[in-house]
There are 2 protein chains.
Amino acid sequence: MAGMTTAPEQIIVDSILDAIANHKLRAGTKLGEHSLSEIFSCNRTQVRRALATLTGYQVVEHIPNRGAFVTTPSERDARDVFQARQAIELTICGNVVQFETLPDFPPLHENIGAESRAIAAGNRAETIRLSRKFHLILAELGGNSVLERYLEELTMRSSLILGLYGGDTESQCASDDHCRIVAALEARDGAAAQAEMRAHLQHIEAEVDFTGARKPTGALSSLLL
Amino acid sequence: MAGMTTAPEQIIVDSILDAIANHKLRAGTKLGEHSLSEIFSCNRTQVRRALATLTGYQVVEHIPNRGAFVTTPSERDARDVFQARQAIELTICGNVVQFETLPDFPPLHENIGAESRAIAAGNRAETIRLSRKFHLILAELGGNSVLERYLEELTMRSSLILGLYGGDTESQCASDDHCRIVAALEARDGAAAQAEMRAHLQHIEAEVDFTGARKPTGALSSLLL
DNA sequence: GCCACTAAAATTGTTTACAAATTGTGTTGC
DNA sequence: GCAACACAATTTGTAAACAATTTTAGTGGC
């Protein structure tokens with residue numbers, strides 16, 4: 001497994017997902033097959049598969065004979081996504097405190113530390129990435145593979161929503177929220193952890209504002225790292 | 001839209017999903033591309049796309065260079081699926097009772113009626129189909145598109161699990177459970193509805209038994225209607 | 001100047017042919 | 001008789017050519 005090169009379609013999916021999560025790729029952007037095959041220097045077939053995968057994630061919209069576009073979430077989508085997140089993440093919190101053997105919290109602490117540093121350094125992209133990662137680590141600790149997979153999709157869609165309708169003050173206080181959640185989890189206080197998680201998700205959703213004009217849709221070029 | 005023929009890949013997906021839901025197609029069955037393209041008299045490309053969609057539903061497992069197989073759920077999968085169902089369906093119950101304008105319950109009643117009749121007639125396949133349909137109607141009434149989509153997948157996987165590990169007395173009492181859930185919903189008693197739903201899901205999960213030998217894997221021929 | 005129509009270019013969708021891998025079978029050697 | 005090897009057949013994976021659709025550009029008329 002030395003020279004094991006990652007499959008090109010996986011690279012495409014990850015790159016686009018990363019670009020969306022970091023608000024480098026905005027809603028409505030067209031994802032042309034030829035463009036992508038050139039950018040990633042691969043076959044159009046592989047691009048096609050990658051786009052199908054992303055469509056499954058509800059992160060890409062596929063219009064017949066027109067092509068693939070980064071999904072533009074509706075107001076209803078936003079509401080539904082955050083409610084689903086609450087249902088799932090509260091359950092995850094309940095799971096984490098219920099294990100006989102304590103799960104290893106160090107990864108969570110490391111993540112929170114890195115998050116604080118990223119905020120202090122003003123590194124917005126890294127802050128967003130680490131904030132999402134926090135929820136995914138927690139989901140993994142929950143031990144339910146179904147909820148984990150769903151949350152992967154939902155955090156992605158959340159990023160997309162915040163990129164379109166979110167304010168600029170985004171997730172400055174997220175690090176504190178995360179801290180409180182972990183504290184309650186370590187104290188094995190499930191109810192408290194769920195309360196903190198609920199509050200945290202409400203903080204995030206509160207940043208969404210549909211009244212203002214949607215941010216303009218960007219071009220497909222900020223993809224390459 | 002007169003002679004509008006449904007896309008072949010949709011037909012394939014629906015047929016396989018239906019066959020799985022009705023336990024006509026069992027876990028472990030190989031889904032050969034050539035076989036399917038002959039059965040549905042279509043191109044291999046379309047079969048391929050259909051299988052990819054089913055893989056996304058976690059209902060088909062794709063092994064590189066080996067082909068596609070009906071997923072064999074593990075014990076952990078079963079646990080995770082039913083816990084996820086609980087988280088999602090309790091939230092749906094909460095949603096249904098919260099709308100100002102009462103949702104239209106007639107479809108639910110019709111479904112329950114048909115279910116009772118199917119049970120009385122000893123029509124096992126129809127019973128299973130209608131039982132699943134009940135949960136999907138309820139999900140639609142809940143008004144959350146995300147939860148609705150997830151439940152579509154989870155009910156499918158539940159069918160797969162019950163087909164492998166379930167007893168033969170399956171879902172005889174389901175109709176009564178459904179009745180009680182709707183009654184609580186109509187009374188706008190969210191807590192009661194959630195309690196009934198929780199009990200119902202526990203009844204279903206109780207039918208799962210991992211100790212016995214897994215039922216044998218069938219051949220790919222019981223597909224055609 | 002603006003709208004409608006037409007033709008060309010670009011993009012998506014589908015089919016076909018080809019390559020790679022796996023499975024099954026038959027043979028040989030012990 | 002059994003195991004290991006080699007070859008053939010089947011099956012999946014990939015790429016390239018072809019067809020259909022949409023978009024864009026250009027032209028003519030009002």
Side-chain angles (χ1 to χ4, degrees), chain A residues 1-16 25 27-72 216-221 223-224, chain B residues 1 3-16 25 27-72 216-221 223:
Chain A
M1 297 285 271
M4 178 70 174
T5 60
T6 314
E9 47 203 306
Q10 192 60 49
I11 294 177
I12 299 174
V13 170
D14 288 343
S15 296
I16 292 180
L25 195 56
T29 306
K30 162 138 195 187
L31 301 171
E33 298 182 359
H34 184 67
S35 310
L36 289 173
S37 71
E38 269 192 338
I39 290 175
F40 293 98
S41 59
C42 68
N43 204 291
R44 200 156 68 88
T45 308
Q46 298 165 315
V47 171
R48 208 158 235 278
R49 258 206 299 274
L51 289 174
T53 301
L54 291 166
T55 302
Y57 274 139
Q58 307 289 115
V59 153
V60 160
E61 229 163 352
H62 189 88
I63 303 176
N65 292 319
R66 294 283 310 278
F69 301 82
V70 179
T71 304
T72 300
T217 178
L220 175 68
S221 47
L223 249 172
L224 300 159
Chain B
M1 297 285 273
M4 177 70 175
T5 61
T6 313
E9 48 205 301
Q10 192 59 52
I11 294 177
I12 299 175
V13 170
D14 288 344
S15 296
I16 292 180
L25 196 57
T29 307
K30 163 141 196 185
L31 301 171
E33 298 181 0
H34 185 66
S35 310
L36 289 173
S37 71
E38 269 192 340
I39 290 176
F40 293 97
S41 61
C42 68
N43 205 292
R44 200 157 67 91
T45 308
Q46 298 165 316
V47 171
R48 209 157 232 280
R49 258 207 300 274
L51 289 174
T53 300
L54 291 165
T55 302
Y57 274 140
Q58 307 289 118
V59 154
V60 161
E61 229 163 353
H62 189 89
I63 303 175
N65 292 321
R66 293 285 309 278
F69 302 82
V70 178
T71 305
T72 300
T217 179
L220 175 67
S221 47
L223 248 173

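Because the structure is predicted, anything quoted here is derived from the model rather than measured.
- Not a single donor-acceptor pair under 3.5 Å links the side chain of Thr29(A) to the backbone N or O of Leu25(A).
- The backbone N or O of Gln58(A) lies less than 3.5 Å from a partner atom in the side chain of Thr71(A), making a donor-acceptor pair.
- Taking atom CZ of Phe69(B) as the reference point, atom C1' of dT11(D) lies 11 Å away to the nearest angstrom.
- Looking at Lys30(A), its side chain does come within 3.5 Å of a backbone N or O of Arg66(A) through a donor-acceptor pair.
- When the C1' atom of dG13(C) is taken as reference, atom CZ of Arg48(B) falls 16 Å away, rounded to whole Å.
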### Query
How does protein contact run along nucleotides 18-25 of chain C, one letter per nucleotide 5' to 3', with B for base contact, S for sugar-phosphate only, - for none, heavy atoms under 4.0 Å?
---SSS--
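- Using a 4.0 Å cut-off, no side-chain N or O of Lys30(B) falls inside it from OP1 or OP2 of dT10(D).
- No side-chain donor-acceptor contact under 3.5 Å links Ser41(A) to the backbone of Glu38(A).
- Following rounding to the nearest Å, His34(B) (NE2) and dA9(D) (P) show an atom-to-atom distance of 16 Å.
- At least one donor-acceptor pair closer than 3.5 Å links the side chain of Thr53(B) to the backbone N or O of Arg49(B).
- For Glu38(B) and dT10(D), the CD to P distance is 12 Å, given to the nearest whole Å.
- Residue His62(B) contributes atom NE2, which lies 15 Å from atom P of dT11(D) at whole-angstrom precision.
- A donor-acceptor distance shorter than 3.5 angstrom exists from the side chain of Thr55(A) to the backbone of Leu51(A), with no hydrogens or angles considered.
- Of the side-chain N and O atoms in Arg49(B), none sit less than 4.0 angstrom from OP1 or OP2 of dG13(C).
- Along DNA chain D, the nucleotide closest to Glu33(B) and the one closest to Gln46(A) are compared, and the more 5′ of them pairs with Glu33(B).
- Applying the 4.0 Å criterion to OP1 and OP2 of dT14(C), one finds that Asn43(B) has every side-chain N and O outside that range.
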